[in-house]
Each structure stands twice: as structure tokens, then as C-alpha cells.
Amino acid sequence: MDFGIKGKVAISGGGSKGMGRAVSEDLAREGCRVVVAARGREAVDEVVAGIRASGGEAVPAYANMATKDGIEEAIHIARENWGHPDIVVGNVYGPTHGRWEETKDEDFRAAYEDMVMSQVYLLRAVTPAMKEKGWGRIVLINSMASKEPHKELPLVTANVTRIAATSLNKSVANELGHHGITINTIGTGGFATDRYTSYMRRTIEAQGKNFDAREAKRRDEIPVGRLGEPEEMAAVVVFLCSARASYVTGQFIVVDGGVTRSLL
């Protein structure tokens with residue numbers, strides 16, 4: 001299937017590891033010119049080198065996409081090499097503050113800055129040029145917790161601010177759809193990444209539970225019986241970035257193996 005995005009300029013936020021890396025590589029396979037944006041220089045360089053070795057086009061941006069300066073830096077690199085981005089995938093590392101009684105007011109303010117304001121900065125920075133072109137694709141990698149907050153993981157600030165970012169995307173999508181710009185949000189479940197494993201191990205063992213036993217039970221709770229692979233999530237993201245997804249906007253799409261129980 002031709003997704004119709006060959007030659008498009010794409011920024012892949014958090015694009016050097018895990019799901020973000022899979023997105024970077026998938027966009028490049030579709031012929032996009034990819035700015036791999038993340039803070040870790042070594043990991044970014046590895047992904048860029050791999051894309052180039054496979055015949056794709058990629059450049060590094062050692063940028064923190066949770067900040068206004070980092071977003072502007074990634075856009076500057078895109079424009080310096082190929083032009084203003086047509087496609088942007090936002091993938092910000094979420095807040096990891098604890099349960100309600102463990103949080104402070106400043107934890108919520110910091111989480112709002114990371115999760116919501118980063119998306120405000122991103123939308124303000126990229127949509128004017130997309131409006132001029134009459135075409136744009138924006139996808140935010142979020143969490144299934146925006147639909148159904150996790151009962152076990154102590155992520156109250158993330159639960160609150162992720163849904164705010166989802167609402168922002170929906171609101172802006174309503175305004176910009178007639179300009180050919182689509183904005184969607186992905187709600188991820190459990191994926192087999194180093195980040196997931198390290199976080200879950202710390203959390204479960206801190207609760208005095210056995211990690212391997214709890215993970216086995218968790219897989220049994222997922223209808224497909226396993227964690228997702230990063231490439232499976234990336235495939236959904238890249239479709240949403242494609243020309244074929246021009247009638248899909250303002251949506252929150254859960255990619256979690258069926259674990260979310262709610263219908264809506």
C-alpha cells in the first residue's frame with residue numbers, strides 16, 4: 001500500500017528508543033525525510049545511521065521535545081535540511097510522580113508543563129506553515145490511561161495531564177481540519193520496550209511483589225495474551241500520518257491489545 005508520504009518532511013519526537021524509534025524507522029521506510037529528535041546523542045546517532053544505511057534520509061536533532069526551545073530546534077533542523085515539517089509525531093516522556101497522597105502542588109504544575117504545554121508549543125510552532133501548504137499530520141503518542149486510569153500504577157499527575165493533552169488535540173483538530181491538517185492521539189498499552197520493563201520492575205518490586213509473577217498475570221489480562229511490539233504501534237502512527245488517513249482526525253485511538261474495557 002502506498003501511503004502517499006514519500007518525500008514528506010517528518011519530525012519524530014522521542015524518536016531514538018522504543019516506540020519512538022520504531023516510528024522513525026517506519027516513516028523512513030515510507031520515504032519520509034526524518035528528523036530524529038531526542039536528548040540522547042548516542043541513541044539518536046544510532047537510529048540516524050541505521051536509516052541512512054537502509055537507504056533512507058534522516059538527520060539528528062539532539063532536542064528535548066518537552067520544551068519550547070527543543071521544539072524550535074527540531075523545526076530549525078528540519079527547515080535547514082529539507083523544509084518545514086509536514087508530519088510531526090509528539091512523544092514526550094510522561095511524569096512519574098506517585099499516588100495522590102505523595103504528590104505536591106508543584107508536581108501537577110510540572111506535569112502540566114511537560115504534557116500539555118509541550119503540545120501547545122508544538123501545535124503553535126508547526127501548524128501555521130501546514131495551513132499555508134493545506135496539508136499536515138500531527139500525532140501524539142499518549143497512554144490508554146487517558147481513557148481508563150491505571151488502578152495499580154501510581155501515576156495520578158500523568159493521568160490528569162494526559163487527558164488534558166488529548167482534549168487539546170481534539171479541540172485544535174476541530175479548528176484546523178478544513179486546512180487539510182489532521183491531529184490524532186494514540187493511547188498506548190503495555191509494549192515490550194526497555195523503558196516499560198525497567199519502570200514496571202521498579203514499581204512492582206517497590207510494592208513487595210514478584211516482578212515475573214506479576215508480569216505473567218498481566219499478560220493473561222491482555223486479550224491478545226502478550227505485550228505489544230513497538231512496530232505494531234508504529235504501523236498505526238504511520239497510517240495516521242499518511243495521505244490515506246485524511247478523513248481521520250480528532251481521534252483518540254487505543255493500541256493496547258484490547259485491555260481497555262470501556263466501549264467509549
Item to check | Test item: Arg137 side-chain N/O and Ser242 main-chain N/O as donor-acceptor pair under 3.5 Å | outcome: yes
Checklist entry - In terms of hydrophobic clusters joined by side-chain contacts under 4.5 Å, are Tyr121 and Tyr112 together? => result yes
Next on the checklist: When you measure from the side chain of Glu30 to the backbone of Leu27, do you find a donor-acceptor pair of N or O atoms at a distance under 3.5 Å?
Outcome noted: no
Next on the checklist: Within the structure provided, determine whether Thr103 and Arg99 are in side-chain contact (heavy-atom separation under 4.5 Å).
Outcome noted: no
Next on the checklist: Has Thr249 got a side-chain atom pairing as donor or acceptor with Ile183's backbone, closer than 3.5 angstrom?
Outcome noted: yes
Checklist entry - Below 4.0 angstrom, N of the basic side chain to O of the carboxylate: do Lys104 and Asp107 qualify? => result no
Next on the checklist: Just verifying a value: how many Å separate Thr166 OG1 and Asn142 CG, rounded to the nearest 0.5 Å?
Outcome noted: 4.0 Å
Checklist entry - Thr67 side chain to Gly70 main-chain N or O, any donor-acceptor pair under 3.5 Å? => result yes
Item to check | Min side-chain heavy-atom separation Glu232-Val255 under 4.5 Å | outcome: no
Checklist entry - Charged N to carboxylate O under 4.0 angstrom, Arg124 versus Glu72? => result no
Item to check | Ile186 side chain near Val236 side chain, heavy-atom distance below 4.5 Å | outcome: yes
Checklist entry - Is the number of heavy atoms from other residues, nucleotides or ligands within 6.0 Å of CZ (Arg219) greater than 12? => result yes
Checklist entry - Taking side chain as C-beta onward, heavy atoms only, is Ile181 less than 4.5 Å from Trp135? => result no
Checklist entry - Charged N to carboxylate O below 4.0 Å: is that the case for Arg109 and Glu113? => result no
Checklist entry - Quick one: does Gln119's side chain have a donor or acceptor within less than 3.5 Å of a partner on Leu168's backbone? => result no
Next on the checklist: Quick check: do Phe108 and Val156 have side-chain heavy atoms less than 4.5 Å from each other?
Outcome noted: yes
Next on the checklist: Can you tell me how far apart CE (Met144) and CZ (Arg261) are? Round to the nearest 0.5 Å.
Outcome noted: 8.0 Å
Item to check | Geometric cation-pi criterion, Arg41 with Tyr62: 6.0 Å, 45° | outcome: yes
Checklist entry - Do the side chain of Thr260 and the main chain of Asp256 share a donor and acceptor less than 3.5 angstrom apart? => result no
Next on the checklist: Once rounded to the nearest 0.5 Å, what's the spacing between atom CZ of Arg201 and atom NZ of Lys209?
Outcome noted: 15.5 Å
Checklist entry - To the nearest 0.5 Å, how far apart are OG in Ser12 and CG in Asp26? => result 10.0 Å
Next on the checklist: When you measure from the side chain of Asn169 to the backbone of Gly250, do you find a donor-acceptor pair of N or O atoms at a distance under 3.5 Å?
Outcome noted: no
Item to check | Minimal non-hydrogen separation, Ile11 against Ala37, with atom names | outcome: CG2-CB, 4.3 Å
Next on the checklist: Do Met130 and Val88 make a side-chain contact, defined as non-hydrogen atoms from C-beta onward lying under 4.5 Å apart?
Outcome noted: yes
Checklist entry - Taking the side chain as C-beta and beyond, is there a heavy-atom pair between Arg52 and Glu57 under 4.5 Å? => result no
Checklist entry - Are Val172 and Leu240 connected in the hydrophobic side-chain network, where two residues link if heavy atoms are under 4.5 Å apart? => result no
Checklist entry - More than 12 foreign heavy atoms under 6.0 Å from NZ of Lys68: is that the case here? => result no
Item to check | Lys133 (side chain) donor-acceptor with His84 (main chain) under 3.5 angstrom | outcome: yes
Item to check | Quiz item: cation-pi between Lys8 and Trp82, 6.0 Å / 45° | outcome: no
Item to check | Backbone of Ala145 reached by a side-chain donor or acceptor of Ser143 within 3.5 Å | outcome: yes
Item to check | Connected via hydrophobic side-chain network under 4.5 Å: Ile5 and Met233 | outcome: yes
Item to check | Pro60 and Val36, any side-chain heavy atoms less than 4.5 Å apart | outcome: no
Next on the checklist: Looking at Ser24, is its backbone amide N or carbonyl O close enough to the side chain of Arg29 to form a donor-acceptor pair, meaning the two atoms are under 3.5 Å apart?
Outcome noted: no
Item to check | Atom pair CD1/CD of Ile71 and Glu73 - distance to nearest 0.5 Å | outcome: 12.0 Å
Checklist outcome for this item: Only one of Val238, Asn91, Ile87, Val237 passes side-chain contact (heavy atoms from CB on, under 4.5 Å) with Val139, and that residue is Val237
Next on the checklist: If I take atom CZ from residue Arg39 and atom CG from residue Asn64, how far apart are they, to the nearest 0.5 angstrom?
Outcome noted: 4.5 Å
